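Working notes, structure below.
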Number of protein chains: 2
Amino acid sequence: MTDAQENIECPITAMLELIGGKWKPIILYNLTSGTRRFGQIDVRIPGISRKVLTEQLRQLEKDGLIKRKEYNEIPPRVEYSLTELGESLSPVFKEMASWGKEHVLGNG
Amino acid sequence: MTDAQENIECPITAMLELIGGKWKPIILYNLTSGTRRFGQIDVRIPGISRKVLTEQLRQLEKDGLIKRKEYNEIPPRVEYSLTELGESLSPVFKEMASWGKEHVLGNG
DNA sequence: TTTGCCAGTTACCCAGAGGTAACCTGTTAC
DNA sequence: GTAACAGGTTACCTCTGGGTAACTGGCAAA
């Protein structure tokens with residue numbers, strides 16, 4: 001097996017195809033603490049635009065990482081939460097958050 | 001503390017500023033198995049161009065995640081390896097790789 | 001009857017990430 | 001004398017991720 005062939009099945013590359021990008025990890029991380037409405041996610045992620053948030057949520061839904069529940073109410077209510085597959089990412093985000101706290105933000 | 005203020009110190013966002021992007025995680029992951037020369041990294045990451053590889057390596061070096069050792073030889077030899085800070089990312093990549101293997105590539 | 005609520009959608013625009021191809025360096029082997 | 005080696009650099013171009021601003025929908029309250 002050559003280096004190149006080995007990389008075709010690179011697990012990191014594989015994972016990045018699902019959760020790579022500027023916003024997806026932060027969106028998913030926000031959902032690890034439970035179900036949230038669209039507006040709640042929006043306000044918790046400073047800098048993201050509603051357009052992009054919608055796009056990313058749609059992709060995550062398509063990839064089976066989150067579910068979208070729409071209530072038939074006025075004004076509209078839409079709730080997002082992790083699927084089982086999405087939940088299985090928790091250990092990853094836990095490690096990432098722990099590293100970020102300790103080595104970037106400078107507190108344990 | 002409001003939601004927005006809380007997010008200013010979001011550990012995931014903090015970490016993504018260092019290792020976010022299309023290539024950095026894969027580059028770092030490649031170095032977790034030890035010191036490698038420029039050409040070795042290049043061949044192990046299909047699709048990346050030499051220009052971009054150089055750029056990313058420079059940034060990772062600037063951010064203190066990798067070291068660059070240049071030997072005064074002809075033809076040139078340059079070796080890249082993780083710094084202590086870079087090594088501290090191992091648990092993160094371990095989790096990522098494990099998740100990728102199990103949930104995307106479909107083998108434990 | 002106008003305003004506000006929430007969760008979008010649409011049209012339009014821009015910066016920058018990243019690709020390709022050619023070139024450079026000094027030494028050794030042909 | 002010219003090709004090959006490794007590790008780049010440079011000029012140039014493209015593409016797309018993401019931003020802004022305006023608009024939609026239906027109900028309820030003022």
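Numbers restart at 1 for each chain; the letters A, B, ... are given by sequence-line order, proteins then strands. Quantities reported herein were computed from a predicted structural model and do not represent experimental measurements.
Where W23(B) and R77(A) meet DNA chain C, the nucleotide closest to each residue was compared, and R77(A) sits on the side nearer the 5' end. Toward the 5' end of DNA chain D, the nearer of the two residues R37(B) and I48(A), judged by each one's closest nucleotide, is R37(B). Along DNA chain D, the nucleotide nearest to Q59(A) and the one nearest to F38(B) differ in position, and the one closer to the 5' end is contacted by F38(B).
Under the side-chain hydrogen bond (donor to acceptor under 3.5 Å, both in side chains) criterion, Q59(B) pairs with K24(B), sequence neighbours left out. By the side-chain hydrogen bond (donor to acceptor under 3.5 Å, both in side chains) test, R36(B) is found to be paired with S33(B), residues two or more places apart in sequence or in another chain being considered. Annotation: side-chain hydrogen bond (donor to acceptor under 3.5 Å, both in side chains) contacts of E84(B) (sequence neighbours excluded): none. Scored by the salt bridge (Lys or Arg N to Asp or Glu O under 4.0 Å) test, E102(B) finds no partners at all (sequence neighbours excluded). Residues satisfying the side-chain contact (heavy atoms from CB on, under 4.5 Å) test with K51(B), not counting sequence neighbours, are S49(B), E55(B). Residues satisfying the salt bridge (Lys or Arg N to Asp or Glu O under 4.0 Å) test with E17(A), not counting sequence neighbours, are none. With sequence neighbours left out, the side-chain hydrogen bond (donor to acceptor under 3.5 Å, both in side chains) criterion links R68(A) to E70(A), Y80(A).
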Open item on the list: So if I define the base as every atom that isn't primed, P, OP1 or OP2, how would nucleotides 23-30 of chain D read as a B/S/- string at a heavy-atom cutoff under 4.0 Å?
Closed with: --BBS---
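No contact: E79(A) has no heavy atom under 4.0 Å from any strand. Note on Y80(B): only backbone sugar-phosphate atoms sit closer than 4.0 angstrom, heavy atoms only; bases stay farther off. Across all strands, G20(A) comes closer than 4.0 Å to no nucleic acid atom at all (heavy-atom distances).
No donor-acceptor pair under 3.5 Å is formed between the side chain of E95(A) and the backbone N or O of V92(A).
By the 4.5 Å heavy-atom criterion applied to side chains, N30(A) and I27(A) are not counted as neighbours.
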Protein and nucleotides 9-12 of chain D: nitrogen or oxygen contacts under 3.5 angstrom:
from: dT9(D); atom 1: OP1; to: R58(B); atom 2: NH2; distance (Å): 3.4

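Within the structure, ring-ring contact (aromatic ring centres under 6.0 Å, His included) pairs that include any residue of residues 21-40 of chain A do not occur (at least two apart or interchain). Applying the ring-ring contact (aromatic ring centres under 6.0 Å, His included) rule to pairs touching residues 85-108 of chain B yields W99(B)-H103(B), sequence neighbours excluded.
With a cutoff of under 4.0 Å to any heavy atom of chain B, the contacted region of DNA chain C is bounded 5' to 3' by dG18(C) to dT27(C).
One atom, CD of E17(A), and another, P of dG17(D), lie 13 Å apart when rounded to the nearest Å. Computed from coordinates, the E70(B) CD to dA6(D) C1' distance equals 11 Å when rounded to whole Å.
For dA6(D), neither phosphate oxygen OP1 nor OP2 lies less than 4.0 angstrom from any side-chain nitrogen or oxygen of Q40(B).
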